[in-house]
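Computed from a predicted structure; not experimentally measured.
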Amino acid sequence: MVARELLGTILVSTIDGVETAGRIVETEAYIGPHDDASHAAERIGRTHRNDAMYGAPGIAYIYRIYGIHWCLNVVTDRVDYPAAVLIRAIEPVHGIEHMRARRTAGQKHLPDTALASGPGKLAAALGITGQLNAHSLDRAPLYIATGERVPDAATASGPRIGITRAADWELRFWEKGSRWVSR
């Protein structure tokens with residue numbers, strides 16, 4: 001499953017000339033129109049908001065949640081079949097001072113572990129906005145690079161977070177013991 005395979009890869013963004021990067025430590029899969037929690041569930045269908053989910057595998061599906069936070073997904077299936085993986089959390093590996101500046105407007109202190117430990121926090125820290133919706137994630141300014149595979153023994157899975165439909169489906173994956181995983 002792509003959601004599992006993304007653990008350990010490196011998400012890199014170069015926004016406004018500033019490069020930041022983080023190792024993916026948590027993901028969540030939305031596996032198609034039969035998945036009632038998906039933005040492209042059968043009851044919803046294709047809309048302007050979810051159109052990127054119907055695109056080619058490897059492109060970004062970026063949307064706003066609660067009208068405030070951007071969230072990054074990787075489209076994972078064939079064209080016209082809406083499936084994607086939400087990138088829930090990263091462990092910062094490069095440009096942490098820039099991530100902090102993007103995340104701490106008006107805040108005196110934010111622990112490093114809180115910089116990108118949730119999908120909205122991650123997007124803010126990396127400077128990801130809807131302008132990158134449908135961007136191919138194999139090139140700058142936003143791409144996923146090969147990292148070190150997380151061994152099966154160091155991986156956990158469980159129910160998805162923050163949803164009400166199909167919430168019990170065990171499609172959330174994370175690196176066991178990571179301080180960077182969302183809470």
Side-chain angles (χ1 to χ4, degrees), residues 1-33 35 37-41 44-95 98-99 102-103 115-147 150 160-163 171-174 180-182:
M1 171 165 278
V2 176
R4 161 62 184 95
E5 296 305 313
L6 283 169
L7 296 179
T9 62
I10 309 297
L11 180 61
V12 181
S13 76
T14 305
I15 307 298
D16 297 328
V18 175
E19 185 177 279
T20 53
R23 192 171 150 275
I24 297 175
V25 296
E26 183 181 9
T27 61
E28 197 168 82
Y30 293 86
I31 56 176
D35 181 348
S38 171
H39 287 174
I44 299 169
R46 193 171 193 157
T47 67
H48 178 71
R49 179 188 192 208
N50 68 23
D51 192 61
M53 284 185 78
Y54 291 83
I59 67 168
Y61 164 49
I62 300 171
Y63 64 90
R64 256 194 211 269
I65 189 167
Y66 309 124
I68 303 169
H69 306 289
W70 293 106
C71 294
L72 168 66
N73 293 256
V74 178
V75 175
T76 59
D77 214 297
R78 63 191 181 278
V79 172
D80 290 328
Y81 188 86
V85 172
L86 174 65
I87 307 301
R88 289 198 55 86
I90 60 168
E91 175 184 346
V93 295
H94 177 71
H98 299 291
M99 291 183 200
R102 289 174 176 152
R103 286 283 333 275
L115 288 176
S117 60
K121 295 175 184 180
L122 175 156
L126 295 181
I128 297 168
T129 68
Q131 291 179 329
L132 291 170
N133 191 40
H135 171 76
S136 181
L137 295 169
D138 64 353
R139 64 180 184 279
L142 182 64
Y143 66 95
I144 297 173
T146 303
V150 177
R160 297 178 288 192
I161 297 174
I163 57 174
L171 294 173
R172 180 176 156 250
F173 299 86
W174 67 94
W180 310 95
V181 171
S182 65

Is the shortest heavy-atom distance from the side chain of [X] to the side chain of [Y] under 4.5 Å?
X	Y	answer
Ser38	Pro33	no
His135	Ile62	no
Pro119	Glu28	no
Ile161	Arg172	yes

Nearest heavy-atom pair of [X] and [Y]: which atoms, and what distance?
X	Y	value
Tyr61	Arg49	CE1-O, 3.2 Å
Ala29	Arg160	O-NH1, 2.9 Å
Leu132	Pro141	CD2-CG, 3.6 Å
Tyr54	Ala40	OH-CB, 3.6 Å
Ser136	Asp138	OG-OD1, 2.7 Å
Pro57	Arg78	CD-CA, 4.4 Å

About how many Å separate CD1 of Ile24 and CD1 of Ile144, when rounded to the nearest 0.5 Å?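 Interatomic distance, Ile144 CD1 to Ile24 CD1, rounded to 0.5 Å: 4.5 Å.
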Atom pair CG/CG of Asn50 and Asn73 - distance to nearest 0.5 Å: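 The CG atom of Asn50 sits 11.0 Å away from the CG atom of Asn73.
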Apply side-chain contact (heavy atoms from CB on, under 4.5 Å) to the pair His39 and Tyr30, showing each step before the final yes or no. CA-CA 8 Å; His39 287 174; Tyr30 293 86; over 6 Å; no
Just jot down the salt bridge (Lys or Arg N to Asp or Glu O under 4.0 Å) partners of Glu5, sequence neighbours excluded, or say none.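 Result, salt bridge (Lys or Arg N to Asp or Glu O under 4.0 Å) vs Glu5: Arg149.
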Going through the checks in order, is the side-chain contact (heavy atoms from CB on, under 4.5 Å) test met by Leu7 and Thr27? CA-CA 7 Å; Leu7 296 179; Thr27 61; 4.2 Å; yes
Which residues satisfy the side-chain hydrogen bond (donor to acceptor under 3.5 Å, both in side chains) test with [X], sequence neighbours excluded?
X	value
His98	none
Arg46	Asp51, Asp80
Asp77	none

Extract all donor-acceptor atom pairs below 3.5 Å that involve side chains of residues 8-17 and protein atoms in other chains or at least two apart in sequence.
unit_1 : atom_1 : unit_2 : atom_2 : d
Thr9   : OG1    : Leu6   : O      : 2.6
Ser13  : OG     : Thr20  : OG1    : 2.8
Ser13  : OG     : Leu126 : O      : 2.8

Using only atom types and a distance under 3.5 Å, with no angle test, would you say the side chain of Asn133 pairs donor to acceptor with the backbone of Gly130?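 No, the answer is negative, given that no donor and acceptor are paired below the 3.5 Å cut-off.
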Give a yes or no on this: more than 12 heavy atoms of other residues, nucleotides or ligands lie within 6.0 Å of atom CD of Gln131.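 Not more than 12 within 6.0 Å, no.
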Take Leu72 and Leu142 through the test side-chain contact (heavy atoms from CB on, under 4.5 Å) and record every step on the way to the result. CA-CA 11 Å; Leu72 168 66; Leu142 182 64; 4.1 Å; yes
Expected list for residues 84-94: side-chain donor-acceptor pairs under 3.5 angstrom, two or more places apart:
unit_1 : atom_1 : unit_2 : atom_2 : d
Arg88  : NE     : Glu26  : OE2    : 3.1
Arg88  : NH2    : Ser182 : OG     : 3.2
Glu91  : OE1    : Arg23  : NH1    : 3.2

Going through the distances and angles, do Ser117 and Trp180 end up as a side-chain contact (heavy atoms from CB on, under 4.5 Å)? CA-CA 5 Å; Ser117 60; Trp180 310 95; 5.6 Å; no
